[in-house]
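Numbering starts at 1 and runs along the sequence shown. These numbers come from a predicted model, not from an experiment.
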Amino acid sequence: MGLLVIEAMKKILFLFTFISVSVITLHAQVQNLFERVNGTIVPNNAFIMLNNECYIPDNIQIYTYKNIDVSYNDKQYKIEIKGTSKSNFGKFFDCFSILNSSGEDLLTYWGYDALSTVDFLTNNQSENYFIQVPLNEDSFALIFAGALYDYCDEAGEIAIIVVNNNCATLVYNGRAFAYNYNPSPEFSIEFVDNIRYVDSINDLFDNIGNPTTTTSMLSQYNKYKIWRDGSMLKYQVWK
């Protein structure tokens, strides 16, 4: 093989390696879920991955299943857990509203599918309808979960709302099944966005919802992490 051919092959190999490393580095880089601009929360629309727009005809009754008071640094809010069924199906619901102390609706969010308690985000059988994460003296995050359906490869929904200075802003929604969770104040959550059924058995959790993940099991999935860093929520994805 001629010297020029060898040198050309070296250059091609170097270029391929450089591109591969660059892609991996880009894939794993840390990003902010949102930015703060003049005291307001500005979301990155790339992190809004599920269309939660829901048209409800005027003749459909919406019922409030539960009112939950939330206090944060002398500010008072209320979370309304709601649905279109007259009977509350336990931990399942269709939408929630965030209200300020004057009763003003700051945000109403409809789940892409049914919403649920946060069992599959916190790795335990929880009766909590959301996770609250403090950010700074004026803002905090509320994290909601979706239902996980049997024999479905898609993980349940995750929706993250930042409440800041009498405003509520959706900063993230997508699919999430958590395999690692740390509560506040050192909040972090690591998750995958799909799960796999083999012969009607899911390979990431047992029949009561406890994760059974191993490094080998997770190797085939994209892994995601969202965590609190001071007054910010950070995001990272890797294989």
Side-chain angles (χ1 to χ4, degrees), residues 32-44 47-48 52 62-83 88-111 114-147 156-174 176 178 180-191 225-235:
N32 292 335
L33 277 193
F34 58 89
E35 299 297 336
R36 296 178 183 272
V37 179
N38 297 325
T40 64
I41 301 299
V42 179
N44 181 342
F47 293 127
I48 312 300
N52 70 311
I62 300 174
Y63 301 90
T64 299
Y65 302 147
K66 186 178 284 289
N67 289 311
I68 304 170
D69 292 323
V70 174
S71 298
Y72 191 78
N73 288 348
D74 298 327
K75 294 184 176 68
Q76 304 297 318
Y77 301 91
K78 181 178 290 184
I79 313 299
E80 292 183 343
I81 304 298
K82 301 188 289 189
N88 181 5
F89 291 103
K91 62 184 183 179
F92 301 107
F93 57 104
D94 295 314
C95 66
F96 61 84
S97 295
I98 302 172
L99 285 64
N100 64 13
S101 58
S102 300
E104 178 186 0
D105 188 340
L106 303 182
L107 178 144
T108 292
Y109 182 94
W110 288 84
L115 298 171
S116 180
T117 53
V118 294
D119 304 31
F120 294 113
L121 299 185
T122 59
N123 295 335
N124 61 47
Q125 296 296 307
S126 172
E127 296 182 356
N128 295 323
Y129 286 93
F130 55 84
I131 300 165
Q132 184 175 356
V133 180
L135 297 176
N136 64 12
E137 61 180 13
D138 296 319
S139 63
F140 61 95
L142 295 171
I143 304 174
F144 293 82
E157 186 170 351
I158 181 174
I160 303 178
I161 316 295
V162 173
V163 181
N164 176 70
N165 289 329
N166 208 37
C167 293
T169 305
L170 175 69
V171 299
Y172 186 92
N173 72 4
N180 192 7
Y181 170 77
N182 292 310
S184 294
E186 301 303 324
F187 165 78
S188 68
I189 183 170
E190 295 181 37
F191 57 93
K225 182 177 181 179
I226 295 174
W227 70 100
R228 178 195 176 196
D229 184 2
S231 64
M232 185 57 64
L233 291 175
K234 301 284 188 176
Y235 168 93

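Looking at Y77, its side chain never comes within 3.5 Å of a backbone N or O of D69 through a donor-acceptor pair.
Between N128 and T122, every side-chain heavy-atom pair lies at or beyond the 4.5 Å cut-off. No side-chain heavy atom of E157 sits less than 4.5 Å from a side-chain heavy atom of S116. Under the 4.5 Å side-chain criterion, counting only non-hydrogen atoms from C-beta, R36 is in contact with N136. With contacts defined as side-chain heavy-atom distances shorter than 4.5 Å, the pair Q132/S184 does not qualify. Looking at heavy atoms from C-beta onward, T169 lies out of side-chain contact with F34 at the 4.5 angstrom threshold.
For the residue pair Y172 / N44, no side-chain donor-acceptor distance below 3.5 Å is found, with atom types taken as modelled.
For NZ of K75, the number of neighbouring non-hydrogen atoms (other residues, nucleotides, ligands) closer than 6.0 Å is greater than 12.
Put simply, NZ on K78 and OG on S102 are 11.5 Å apart, with the number rounded to the nearest 0.5 Å. Separation of atoms CG (N182) and CH2 (W227) is listed at 13.0 Å; rounding is to 0.5 Å. In this structure, the separation between OG on S97 and CD1 on I79 is 9.0 Å, given to the nearest 0.5 Å.
The ring of F93 has its center no closer than 6.0 angstrom to the ring center of Y65. Between F47 and Y235, the distance from one ring center to the other falls under 6.0 angstrom.
Only one option out of I161, I68, T64 pairs with F96 in a side-chain contact (heavy atoms from CB on, under 4.5 Å); it is I161.
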